[in-house]
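A, B, ... follow the sequence lines: proteins, then strands. Residue 1 opens every chain. What's counted below: heavy atoms across the whole structure, side chains too, no hydrogens, waters or symmetry copies.
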Amino acid sequence: MSTDQNQRRPEARKPRGFPDRTAAIIATERRLVDSISAVYARWGFEALDTGPFEYVDVLGKFLPDTDRPNAGVFALQDDDEQWIALRYDHTAPLARYVAENWERIPKPFRRYSAGPVWRNEKPGPFRYREFIQCDADSVGVAGPGADAEMIAIAAEAMEAAGAAKGEYVIRVNSRQLLDGIMETAGVTDPAQRGTVLRALDKFDKFGVEGVKLLLGAGRKDDSGDFTKGAGLVANQTDTLLEFTTAGSVTRAETLRKLANSVGMTASGMQGVRDLSEIDSILNALGIGEESVSFDPQIVRGLEYYTGPVFEAEFLREFRDTDGNPMRFGSVGGGGRYDGLVARFRGEPAPATGFSVGVSRLAAAMAVSEGAQVDGPVLVLVLDKDKVGDYFAMANDLRRAGIRAEAYLGAAGMKAQMKYADRRGSPAVVIVGGNEREKGVVTIKDLNAGAAAAKGMTDNEAWRSGRPGQFECPRAEMVERIRAIVGQK
RNA sequence: GCCGGCUUAGCUCAGUUGGUUAGAGCGCUAGAUUGUGGAUCUAGAGGUCCCCGGUUCGAGCCCGGGAGCUGGUACCA
């Protein structure tokens, strides 16, 4: 039975797309969830958590491929053999909740939700299989007023998250506008419409020329693989491109161009009217062009959006490990989905919502800000028979609200200093025989010490100079430490 | 899913035409320094050369298959 082979050690490894999250990223995620949730709550939304699992048929209609319950979602069979799946967003569970509790809840129903969602697909940079979304929705309101509100909230949420004005933009479009222009261009086949929308979604990736190829015969990617296009003829492509490149610096100007766009259809006109009303509400709220723009190139997913759609982009640039400038792209999105709740019920239940991809945004912020977490103040343990004293000192610091710990273990002073350094401790408390005799403690400000040591090449000077270090009476320890910790 | 690239120490990588004991830098541990994180010097630990099979007297290197990672693309609710 237990041969050498069986006793081979397991490889320490983990599935991709589920990254380990360390202190800095956890702190950033919590800050984002708290600040974005606070925005939602302030606008009148109520917290609701629906839990991670739903029946697949509740999510089902909008799965990428309903024949394969495992495609796109993480699904498993419950003990009653019914298929359940981890939620892939907060919107589908909300639709279920609203339909299930229709008679009990106030309409319009406004709730927000923050928590992990799971997608069973190929992960990539800043793209995970588990990530946190912070989501707000209004159910039971038709008309662009609710959409305008969501867009305003999106802008406010981005700023609450720490994106300054100009570091983010909410781009807004309308599905009906896209429908209208496709009609004008004579694209009527539903499958072809899908291909066209997907092509129009790729201006940011491939530029106008790339989109042109995808609208026509097709495009070859960098690896040499070929993507089949929508197969449109030249004048159809021209019509679509004329419309989708009508975006302008101001919302009013974009609206003017769109309204004048060739042979606008009924649904196209409706889209323009919606955007126009959204514009006037945004203006009344004082939300300017740098925060929210109208962009005919925004498409979003194809399955359930029915009206205005919008996307939040984090514009701050950062450099990757090779020093190349990079962009994070979309960190949130939303729109009107009038059919999602209605599919559980006979009567219509219009709805609109917005969701921030907190994990990606947190990763973006952590990378661009070089986030790191301060360690605890470390009380060095030098005399093993006085461990109680050291614990008491650390406790005094903790009672004052300062992160602190007494060193655990048998290592010598040098190793303890090294430990403090690696933990990112702001300071250490040193009490040995000398201090105890004099009734004082020695405090070393590690950041000040590091700064003073910069450029010091002589070890003798480094060791005897004891940069950043001072003695003080035991009774003043907490206040002196507080001053060091507080100055960051 | 489709197309490409890659896989040698914890990390970044070198390794000649197939040849004996597979290397470097960084990092890690320790000492120089009874009680001081940096720097310097010294020493040490650390390897399934991704896996399986084949060719060969001999494979990190050649051939076949597989896995993983990574980039592009598809999809992205």
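rG10(B) and rU29(B): their C1' atoms are spaced 13 Å apart (whole Å). Atom C1' of rG35(B) sits at a distance of 27 Å from the matching atom of rG27(B), rounded to the whole Å. The separation of rU42(B) from rA24(B), taken at their P atoms, amounts to 14 Å, rounded to a whole angstrom. Annotation: rC26(B) and rG66(B) have their C1' atoms spaced 34 Å apart (nearest Å). Nucleotides rG4(B) and rC11(B) place their C1' atoms 26 Å apart, quoted to the nearest Å. If you take atom P in rU21(B) and the same atom in rA32(B), they sit 38 Å apart, rounded to whole Å. Atom name P, nucleotides rA14(B) and rC62(B): the rounded distance is 14 Å, in whole Å. Here, rA30(B) and rU17(B) have their C1' atoms 43 Å apart, quoted to the whole Å.
To the nearest angstrom, C1' of rG37(B) lies 17 Å from CD1 of Ile443(A). Taking atom CD of Gln469(A) as the reference point, atom C1' of rG35(B) lies 9 Å away to the nearest angstrom. The CG-C1' distance, from Asp221(A) to rG1(B), rounds to 13 Å in whole Å. Spacing between atom NZ of Lys228(A) and atom P of rC75(B) amounts to 13 Å, rounded to whole angstrom units. Rounded to whole Å, atom P of rA74(B) lies 13 Å from atom CG of Leu200(A). Between the CD1 atom of Ile298(A) and the P atom of rC76(B) there is a distance of 15 Å, given to the nearest Å. To the nearest angstrom, C1' of rC28(B) lies 15 Å from CG of Asp421(A). Put simply, CG on Asn447(A) is 16 Å from P on rG37(B), counting in whole angstrom units.
Phosphate contact (OP1/OP2 of rA74(B), side-chain N/O of Lys205(A), threshold under 4.0 Å): present.
In the set rG35(B), rG37(B), rC3(B), the nucleotide with an atom closest to the side chain of Lys414(A) is rG37(B). Distances were taken from every side-chain heavy atom of Arg127(A) (C-beta onward) to each of rG37(B), rA74(B), rC76(B); the shortest belongs to rC76(B). With rU73(B), rU36(B), rG37(B) as the candidates, the nucleotide lying closest to the side chain of Ile430(A) is rU36(B). Side chain of Pro125(A), nearest nucleotide from rC75(B), rG71(B), rA74(B): rG71(B). Taking the side chain of Asp225(A) as heavy atoms from C-beta on, and the options rC3(B), rC76(B), rU29(B), the nearest nucleotide is rC3(B). Of the candidate nucleotides rA77(B), rA74(B), rU36(B), rA77(B) has the atom nearest to the side chain of Asp89(A). Ranking rU29(B), rA77(B), rC75(B) by closeness to the Lys202(A) side chain, first place goes to rC75(B). Of the listed nucleotides (rC2(B), rG37(B), rG35(B)), rG37(B) has the atom at the smallest distance from the side chain of Leu446(A).
Nearest heavy-atom pair across Ser138(A) and Glu149(A) is OG-OE1, 4.0 Å. Summarising the geometry of Ala161(A) relative to Met365(A), their closest heavy-atom pair is O-CE, 3.4 Å, with the distance given to 0.1 Å. Closest non-hydrogen pair, Pro376(A) versus Ser425(A), comes out as O-OG, 2.6 Å.
Side chain of Arg343(A) to backbone of Ala95(A): no donor-acceptor contact under 3.5 angstrom is found.
For Arg111(A) and Asp135(A), the salt-bridge test passes: some basic side-chain N is under 4.0 Å from an acidic carboxylate O. A salt bridge links Asp383(A) to Arg436(A): at least one charged side-chain nitrogen sits closer than 4.0 Å to a carboxylate oxygen.
Looking at heavy-atom distances under 4.0 Å, Gly433(A) makes contact with a base. Within the nucleic acid shown, Gly124(A) has no heavy atom closer than 4.0 Å to any nucleic acid atom. Counting any heavy atom pair closer than 4.0 Å across all strands shown, Ala420(A) reaches no nucleic acid atom. Within the nucleic acid shown, Arg119(A) comes within 4.0 Å of at least one base atom, counting heavy atoms only.
Contact of Lys444(A) with rU36(B) (side chain to base): a donor-acceptor pair of N or O atoms is detected under 3.5 Å. One donor-acceptor pair, N or O on each side, does fall under 3.5 Å between the base of rG72(B) and the side chain of Lys122(A). For a distance-only test at 3.5 Å, the side chain of Arg16(A) fails to qualify as a donor-acceptor partner of the base of rC69(B). Taking only distance into account, the side chain of Asp222(A) never meets the base of rG4(B) through a donor-acceptor pair shorter than 3.5 Å. Side chain Glu435(A) to base rG35(B): a donor-acceptor pair is found below 3.5 Å.
Stem analysis of RNA chain B (Watson-Crick or G-U pairs, both distances under 3.5 Å, runs of at least three) returns B:1-7 with B:67-73, B:10-13 with B:23-26, B:28-32 with B:40-44, B:50-54 with B:62-66.
Projected onto RNA chain B by closest heavy-atom contact, Trp118(A) and Pro15(A) fall at different nucleotides, the more 5' of which corresponds to Pro15(A).
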If you apply the rule salt bridge (charged side-chain N to carboxylate O under 4.0 Å, His left out), what do you find for Asp421(A) with Lys444(A), and how did you get there? CA-CA 12 Å; Asp421(A) 194 38; Lys444(A) 181 163 186 144; over 6 Å; no

Mind running salt bridge (charged side-chain N to carboxylate O under 4.0 Å, His left out) on Glu121(A) and Arg119(A) for me, showing each step along the way? CA-CA 6 Å; Glu121(A) 56 191 22; Arg119(A) 296 185 184 181; 5.0 Å; no

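In the displayed structure, Lys384(A) atom NZ is contacted under 6.0 Å by more than 12 heavy atoms of other residues, nucleotides or ligands.
With Val429(A) as the fixed residue, the side chain to side chain contact (heavy atoms under 4.5 Å, CB included) test singles out one of Val441(A), Thr442(A), Asp396(A): Val441(A).
Both thresholds, 5.5 Å between centres and 30° between ring planes, are not jointly met by Tyr304(A) relative to the base of rA77(B), so the two rings are not stacked.
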